[in-house]
Amino acid sequence: MKQIKLLIIIGFICFFTAFLVLAQSGGHIPIFSANKELNAFYKGSDGIALTFNIGWGDENAEKVLDALEKEDYKGVTFFLSGAWVERHQHIVEKIVAKHYEIGLLGYDYKDYTEMNEKEIIRDISKAQHVFKKIDINGIKLMRTPTGDFDERTVSVAKKMDLTLVQWSVNSNDWKNPGSKQIVDSVSK
């Protein structure tokens, strides 16, 4: 009888733990394929890919460009939102002049996992239109505005001939923890 009670308690704990893990994942399933087809890039085979998301604010963008120029660092991708590009064309021109790669960060800063397929397509298309208006064509990389995505988002990106790129190390620089903490967290 004691063994049965113990098994029931263990079963309940396992069920409860599984429920908590599922609830914390927000119902999102991983979409990084371990086999031949990679659905989203989040890690390269060698080195570091330095990327910046810019969807709001302008006080740090030019400082970042100045620091990259000072260090003569070339291999950078800026993921820009369409709404930000409309307001900061002069900064975009500097990014283009320095030959940095530009990726798409949607138009509005919205969570694609909370949008239906038509809304996602509309947001991406609106951003693409903004880029085309200022003669930036051929963008092939996309990052979702909030970093959250699901199989539907990957499907939309593929249909629109975009490669979804995610970060593998998040500096959390937007929290302004200070340079040392950013360097420490990224270096690990």
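Between the side chain of H129 and the backbone N or O of S125, no donor-acceptor pair lies under 3.5 Å. At distances below 3.5 Å, not a single donor-acceptor pair connects side-chain atoms of E62 with backbone N or O atoms of I91. With D123 contributing its side chain and Y107 its backbone, the two residues share a donor-acceptor pair below 3.5 Å. The main-chain N or O of V165 is found under 3.5 Å from a side-chain atom of R143 such that the two form a donor-acceptor pair. Between the Q89 side chain and the E86 main chain, no donor and acceptor come within less than 3.5 Å of each other. At distances below 3.5 Å, not a single donor-acceptor pair connects side-chain atoms of D108 with backbone N or O atoms of A83. Side-chain atoms of R87 never come within 3.5 Å of backbone atoms of W56 as a donor-acceptor pair (strictly under, hydrogens ignored).
Distance check, rounded to the nearest 0.5 Å: CD1 of I139 to OG1 of T163 gives 12.5 Å. Atom OG1 of T146 sits about 8.0 Å away from atom CD of E114, to the nearest 0.5 Å. Here CZ of R122 is found 6.0 Å from CD of E119. Values are rounded to the nearest 0.5 Å. If you take CD on E69 and NZ on K94, they are separated by 9.5 Å, rounding to the nearest 0.5 Å. Going from atom OG1 of T144 over to atom CZ of F149 covers 6.5 Å, rounded to the nearest 0.5 Å.
Side-chain contact check for T77 versus Y100: every heavy-atom pair is 4.5 Å or farther apart. Within the 4.5 Å cutoff, the side chain of M115 has no heavy atoms near those of the R152 side chain. Proximity of Y109 to S81: side-chain heavy atoms (C-beta onward) are nowhere separated by under 4.5 Å. A heavy-atom distance below 4.5 Å is found between the side chains of E117 and I121. I102 places a side-chain heavy atom less than 4.5 Å from the side chain of F131. Between E151 and V156 there is no side-chain heavy-atom pair separated by less than 4.5 Å. Looking at I124 and I120, their side chains come closer than 4.5 Å, going by heavy atoms from C-beta outward. The side-chain heavy atoms of T51 and V76, taken from C-beta on, include no pair separated by under 4.5 Å.
When the options L105, V92, L65 are evaluated for a side-chain contact (heavy atoms from CB on, under 4.5 Å) with F78, the one that passes is L65.
A tilted orientation is assigned to the rings of H90 and H88, their planes being inclined by 30° to 60°.
Between E101 and K74, no side-chain nitrogen of the basic residue sits less than 4.0 Å from a carboxylate oxygen of the acidic one, so the salt-bridge criterion is not met. A salt bridge is defined here as a Lys NZ or Arg NE, NH1 or NH2 lying under 4.0 Å from an Asp or Glu carboxylate O, and K180 with D184 meets this definition. Look at K140 and D161 and you find a salt bridge, because one of the NZ, NE, NH1 or NH2 atoms lies within 4.0 Å of a carboxylate O, short of that distance. Classification of D72 and K70 as a salt-bridged pair fails, no side-chain N sitting under 4.0 Å from a carboxylate O.
Between A127 and G106, the shortest heavy-atom distance links the atoms CB-O, 3.2 Å. Taking every heavy atom of both residues into account, A157 and M142 meet most closely at CB-CE, 4.2 Å.
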(request) With side-chain contact (heavy atoms from CB on, under 4.5 Å) as the test, would you mind laying out the steps for L104 and F79 before giving the verdict? (result) CA-CA 5 Å; L104 193 69; F79 289 91; 5.8 Å; no
(request) In sequence, state the C-alpha distance, the side-chain angles, and the governing distance for L80 and I95, and then conclude on side-chain contact (heavy atoms from CB on, under 4.5 Å). (result) CA-CA 11 Å; L80 308 174; I95 292 169; 4.3 Å; yes
(request) In sequence, state the C-alpha distance, the side-chain angles, and the governing distance for L68 and F52, and then conclude on side-chain contact (heavy atoms from CB on, under 4.5 Å). (result) CA-CA 12 Å; L68 292 170; F52 295 92; 4.1 Å; yes
